[in-house]
Structure formats: C-alpha cells, structure tokens
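Input: a single structure, listed below in structure tokens.
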Amino acid sequence: MLCDDGFENVVEGGHTTGFALLARLPYYRGLGLSMVEDIAVSIDGQAVPREAVRLALRGRSWSLDEMEHCFDEKWNFGEKARVVIARPGGLAPGQHQVDLAIRYRVSYLPFVPTTRTGRPLSLAA
Amino acid sequence: MLCDDGFENVVEGGHTTGFALLARLPYYRGLGLSMVEDIAVSIDGQAVPREAVRLALRGRSWSLDEMEHCFDEKWNFGEKARVVIARPGGLAPGQHQVDLAIRYRVSYLPFVPTTRTGRPLSLAA
Amino acid sequence: MSHQIRRGVSLYSFQNDTFLRHMTLEDCVRTCAEIGALGIEVVGEQSFTGWPEVGMPTAEVARWHALMERYGTTPVCHDFMLDYKRVKGQVMPFAEQVASVKKDIDFGAALGMRFIRSLVSVAPEVLVACAGYAEDKGITILLEVHAPLHFDHPWIIRHAEAYEQSGSQALGFLPDMGMFVHRFPRVWKERFVRNGVPRHIADYIEQAYQDRVLSEYVLLDVQQMGGTGPAIAMAETLRHNAAFEPKRMLDFMHRIHNIHGKFYEMTEDDVEYSIPYDEIVAVLKQGGYQGYICSEYEGNRWIEDAHPVQSVEQVKRQHRMLCRLLDEPIPAALQA
Amino acid sequence: MSHQIRRGVSLYSFQNDTFLRHMTLEDCVRTCAEIGALGIEVVGEQSFTGWPEVGMPTAEVARWHALMERYGTTPVCHDFMLDYKRVKGQVMPFAEQVASVKKDIDFGAALGMRFIRSLVSVAPEVLVACAGYAEDKGITILLEVHAPLHFDHPWIIRHAEAYEQSGSQALGFLPDMGMFVHRFPRVWKERFVRNGVPRHIADYIEQAYQDRVLSEYVLLDVQQMGGTGPAIAMAETLRHNAAFEPKRMLDFMHRIHNIHGKFYEMTEDDVEYSIPYDEIVAVLKQGGYQGYICSEYEGNRWIEDAHPVQSVEQVKRQHRMLCRLLDEPIPAALQA
Ligand SMILES: [Mn+2]
Ligand SMILES: [Mn+2]
C-alpha cells in the first residue's frame, strides 16, 4: 500500500512546494476515482490537512474533493499513484514516520472500509 | 410488571422499617430465583441501594444476593411478589415516582434482558 | 386431499390473559374445546406453579386431567426450558442437563403428553442421551426449530444427523412457523414507529424485507439514513427473521411431530398478515404430516402498549383459517 | 462415474503476485496452462486497466486473445462489479445499472468469455432486463452465491424465481465454495491470534464453529469471556460463514454454469483444511454439472502479515486434489 520508493520533496521552478510518496490502492481490483473517499496522510504523527493532498496518475492529478466527481479515470489494480502533499519547503531529509489511511466506497460491502498502514521512510536527498 | 396495589410503608413492632411494592416478573413463564439477577428500584429519581432490597414470596424472603443461590423456589408466572425496601421511617404518604428494572438470566437468549417500567404511585396512607 | 392434521392451541397464546389472571387454566381449556381445537400444548412453567424448582405440582396435575376429561381435550406437548445457566457464571454440566431433561420427561408423562419441546440451543448429545428414557415413558422429545434457525442451518443439520445416528424414534422436530415470515409484520412496524422509528425509515425496512435484502445491507442503509436506537433495533430484526421456504420441511417430515402455529396478527378476513399459512398447510398435507398445528399467538407483546390484547379473538380467527385450509366444517363457536 | 467437469483458475488467485508485479498476465496464463487448468476466469478490473471508467482496453484485449491462442486456454468468465454507489450518497438508477451491466456484457464478449459474474447484491430485475442483450452476445450472466448467502436464503430464492419467470436461459448462478466452510480455517484462526485474540478464546470460537453453534450465542459467550476488538471480530465471522450443505446445490444445478473453487489453505497432503471438496465434487457429479471449477485462492490476505504468500504452490495443490477427485491423470507440472 505504502511504497518505499518515491518519498521525496517536490521542487517546481526552483521552489520546494511540498513532498510526495507512492501508494497503491489496497484492494483486489482497480476503483473509479469517485469511489476513493479519503487519503489521510500524517507525517511524524502530524495529520496533513485534506486540502493539501492531491493524487497524481499518468500525468493527471486531482484534489480529494475533485476525485469525488471524477468518473472517467480509475486507480488501477496494483498501480503506484503519486500522493502529493503541498507544504512550502517540503520535509527535512532523513527518516520520517509516514502514516497512510485510505477509505474507499465498495458498493457490495455493508460497510465502508478504511485500510491503514505506517512506517518510517527515509526522504530521498 | 409494577402493580398499582400494595405500595405501602412496612411497619414492624410499631416501627416503620421501610416500604414495599408489588411486582410481577415480566416474562412468559416462572423463573427460578437464582436466575433473577437484579431488581433495581428508584423512588422519586433516587436509586435504592441493592442491599436494601428483598423479595418476598409466600412467606419467605431473600436479599438479591441470597436469591442468586436459591435453587428451590421460583417467581411463578404472573405471581405478584412483594419487593420490600429497608428505609427507616419509610416514605411520606402521597404520590411518588416509582421506577423498577428487573434483570433476569434466560439460558437460551444470546443476551441478558432487563425490563424497565416506572410511573407515579400513591402510597397507601 | 385427505390428511391427518388436527387443530390445537398452545396456552402460551393466552399469556396476556393468564398473566393478568383474567383467564384461568380452565377458561383456556374450555375456550379451545369450544372452537374444536382439542390439542392442548402448554409451557409447563407458565401453566403450572413451582415446576421444576419446587417439584411436581401433584394437585395441579390431577386438576389438569380432570379438565382434559371434562372438555374432551388431548394433552399434546409440554414445552420445557432446561435452564443450563441456572447457576450464575456456569454452564450446567452435561450429566445435570440430562438429569434435568429426564425430570421434564417425567412431568410431560405425568400430564399425559405425547411430546415435550426442547428449546433449540440444547446440545444434541443431551437429547440423544435421554432418548431411551423418553421411549420408556412414551414421550418423544421435539427440538423446536425457531427463527433465526431453519432446517438448512448447520446447527439443525447437526441435530438431525445425531437423531438418525441414535437410531431412536423418540427424537424429532417441532418447527415454529415464525421461520416463514414472508412479509414484515404490520404489528411490529407500528410498534417500532410508536417507539420512535421515523415513518420513512420504517417504510424502507418493510420494503427491504419484502425485497429479501441481506440484513447487513439494510443495517448500513438505515445507519446512513440517520437511524439510531429504535430504527437500528427494527433493522436488527432482519438478522433474526427471514422468509425461508415452508417446503424445506419436507426433507425432515418423518421427524416432525408437532407444529407451532406462530402468528402475530390475524386480520378481519382471517388471514395471517405475514405468514403464508396456505403454503404451509399445503406442504404439511404434501408431506403427510400427522399431528397438531398448535396456535402460538405472539402479537400481544407488539400491541399491548397501545391496544387491548384480544388473544381469544385472534386464536378464533386463526382457527377459522385452519378450518378452511384443513377442509373442516366451521364449529358454531367460530361462526363469525 | 463419467462427468464433464473441467479445471480452471480465476486469476484472482494470483492477486498477491500481480499486485506486486511479480507475475504478469502472461505468467498467470502460462502457469494455468502448464497445470492443465485450461479455463481462465478474470476479475476484469484486476486483469485489465481502465475498464470500465476509461473504456475498452483494446490493445490489452488483443493481447489476451494472443495469450489464449499461445497457451491453448479458454476464456470462461469475466467477474464484473457494477458499482451502484459510483456517485457518493446516491444509488445508481435502475436504467443506469442496466446500461452498466450491458457494457460488461460487451467486455465479456470482447474477451471471448461464455459467462460474466454478477455480485450477489445486484437486484434480479436489473439482470433480467439484460438477459436478452446477453443472449444476443452469447453471454450468460451468473449471480455469485457467496457467504453469508446460500441457496436457501430468500434473496437467492427471489433471484431464482425471477430467472424462471423470465424464461431466459441467459441467467444463472455461480456458487462460491466459501459457502461450505465445514471447519474454522486454520489460517483465519492464526491470523486472529496474531491480531491479539487470546488463545483460549480463539480455541473456544473454533470449537463453537465445529459444534455449529448459532453466531449470536458465540458472540455473547466471547463477550462474557472478556473478549474485545479482535476477539469480537473473530466471533463475528460466524455471522458471515456457516457450514451449509453442498447438496443444496442440486435443486439449482440446471442454472449453475461455473464454480468458484474458493480455498484458504491447501495442506501438504493436498487437502483443503476447511472446505469439503470431496463432498462438493461428488455433488457436482451427481447433479451432472457441466463446466469449470475455477480456483479462487483467498488465503493470501490471512497470512501475508507473517508468511510469504505462495499462491502458485497453493493453486497447484488444489489442482492435484481436483485431478484426484475428477479422476484425471496428474500432469507433469503437478507431479509433487
Ligand atoms: Mn414456538
Ligand atoms: Mn467468489
């Protein structure tokens, strides 16, 4: 679900605008983005605000709210998506505790599952 | 479950040692006393301590704890039992809000039911 | 189609009246005899005092036989309880359970019953261990197959296999027609509404039951509709009841010796609002069932908060229906 | 006894390997062909990208046919999802559900499948409305009968009645053998113990399952034993699974066209620890079932926290068992 690779700061036009990590949807099939309800990230125990999170797939990206209305794209099975968090200055290099919780709506389940994971990841220098 | 009649002070040897009310077990059959786990009484919103409550049937009586080990008597179906509460001086005459909750252990139920009732009763002068 | 199905009543049906002492045991037996329901079933610990804790109520047993004599009624079944949690925090040891059941066999025999009813949660080994004793006393022990259980539930399959292996004919089943609730009972719905369930949620649950939706889905939907407390309790009933098929009795018919004619509401035109008795009686005829259908009115607890309980009228309506389904002439006492 | 039951695999069984990109679609198809499991079933939204949101993955479909050609395998079933909660807070209107299923019929047909699998929560009216369209495309829609549902559950009875009434042969059932869990799976129990369930409570639940005790009773007992969180979750599995009887498939066999050979753990001696496949295959033979048994390994999620997942080895063990039960010679790739 949370990948070791791809945990790095995001630099745009010389400015570090945030950081990113790679994640896979913990589910046995791909899911339309409208049904991925939440991607909750916390860094070193600090929850990242929902508005700061974007999902990037094959050149396109959406905020969590935008995903709710996206019916023409899906997070494919086992596909590594880039989760981009806006944070001026990004993160200090070195190890950070990364916690991730993905909630997704599955029509045939009599509950809305949330899958959590977390471990220390080292930020690519 | 809670009867209108029989709500009166208990006088023994000239002393008012408490008060009593009549109650029926809210169940479609009689039950061995060992399975009547609790008879919780409150008067005018005030809970009566467990130790102050006794159940009287056909000339015998038991504290709630004694009932737990009584295997030779039962509270029969629809039988009015006398619930006696020890309280020096008893209750002032007139109307009192009486609340009653009986918890009883029924082997074949996957839960332990408690049945509650309550209403104003007037104490016999 | 000729059949050997007879009409009876479990005095459990009059629990509201006997609890409040508006009817005596004799009133109950007379009422049944008048409407031609000659089979009488009792919950022993309801219709008699002191049993089993205090012992055999000998005087009351004698009176019982006098009543059977006077009204020409037939003892059918003593529904016993086996309180295996009699001692707090313990489960009654196997040997004591067997001894307890044997006492109820004695009581059933003393009352002249053919059957005693075991509640469904009793382990098959306990009943099998009592089979010989029951045979000697002319008693057959019947396990009540009651919602949420049904004839295809592994627990019932386990009992059925144990009975076949035992080789004894003194073990059987007593299906309760509450297994075949094909429509959400009106008296349940109205009680839940009075308990505070919003009408639109109650309608939703009723329709979901009609659509046979899996209970877990209904529970999620009701929560998402903002349902709390009473609304959740109403949705939870779908975990307990489901519209199973009467024809599933056919595979077990050779072991079925009594029927609980459970019902919640007989309408003015003598139809049970939610249980398909036409289908049920057809299956019993098809399976060659020989025995009684004993009325088990249980609507009282659903309406007593708001309406007078009319157990006798409800039982009369059910027996008018049964006369029709069993091709029997309607006795005078049942003429509308 | 001769029979026409063939071996297949749902690539769902290799989900651990394809998720982590340790196996490609071609690896999966080759593995199946080598062990003589020539029927290939897929979860469309697992084995292909973009479907249905982005549209028909034409290139991947072409590659699929090339693989079928190269390995001599046969497309059997496309398991589709019908996300009727695609829009948050809404249930997809009837007409849109029908249109959505028709798109999956197109996809199944494009893949050369004979069947597409509907999840059990889809309303029968939706499938009946698609029956004509399916027939035109040479597709039969199969409702997966999956625990906690079973062939005597009213929801499945309602589907069966709707199919008979429709008069169409393009509607049927796909039973998942997870309905017939006759022993509490060892991999479940060990996972729950690793999750924190005290050993004595886990043993109690395993024995209660063996004794076929009604789930509600087990839940109460576990609570009274001080069980919390994981222990309650373990007891809750008894609400979901129960040891229903394989022979209950016989009444519906004329509508059963594919089988999910669900399994959690194949032991060293090629036996499924908790599902009675000998009984299942005997019933399929007795009922004259013609079609595939497609392996559905689901043990991975129960062991991945502590053990390496060996999906291919597990599937091989199941197919050695199936060869034995289907009286087939063991192919070289399956020789121990
Ligand atoms: Mn009953
Ligand atoms: Mn399946």
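Worth saying up front: this structure is predicted, and the values here are computed from it rather than measured. A note on names: the letters A, B, ... follow the listed sequences, proteins ahead of strands, and every chain is numbered from 1.
A donor-acceptor pair under 3.5 Å links the side-chain atoms of A/Ser107 to the main chain of D/Lys85, judged by distance alone. The closest donor-acceptor contact from the side chain of D/Arg86 to the backbone of A/Phe71 lies at 3.5 Å or more, if one exists at all. Side chain of A/Lys74 to backbone of D/Trp51: a donor-acceptor contact under 3.5 angstrom is found. No donor-acceptor pair closer than 3.5 Å links the side chain of A/Tyr108 to the backbone N or O of D/Val120.
Both the backbone and the side chain of A/Glu73 come within less than 4.5 Å of a heavy atom of chain D. Interface residue D/Val54: backbone and side-chain heavy atoms are both found under 4.5 Å from chain A. Heavy atoms closer than 4.5 Å to chain D are found in the backbone of A/Leu109, but not in its side chain.
Between atom CD of residue D/Glu53 and atom CG of residue A/Leu33 there is a gap of 8.0 Å, rounded to the nearest 0.5 Å. Atom NZ of D/Lys88 and atom CE of A/Met35 lie 13.0 Å apart (nearest 0.5 Å).
Residues D/Thr49 and A/Asn76 come closest through the heavy atom pair CA-OD1, 3.4 Å. D/Gln46 and A/Tyr28 get closest at one heavy-atom pair: NE2-O, 2.7 Å.
Here A/Gly78 is the residue among A/Gly30, A/Cys70, A/Gly78 with the most heavy-atom pairs under 4.5 Å with chain D.
Side-chain contact between A/Arg29 and D/Asp79 is absent, with no heavy atoms from C-beta onward closer than 4.5 Å.
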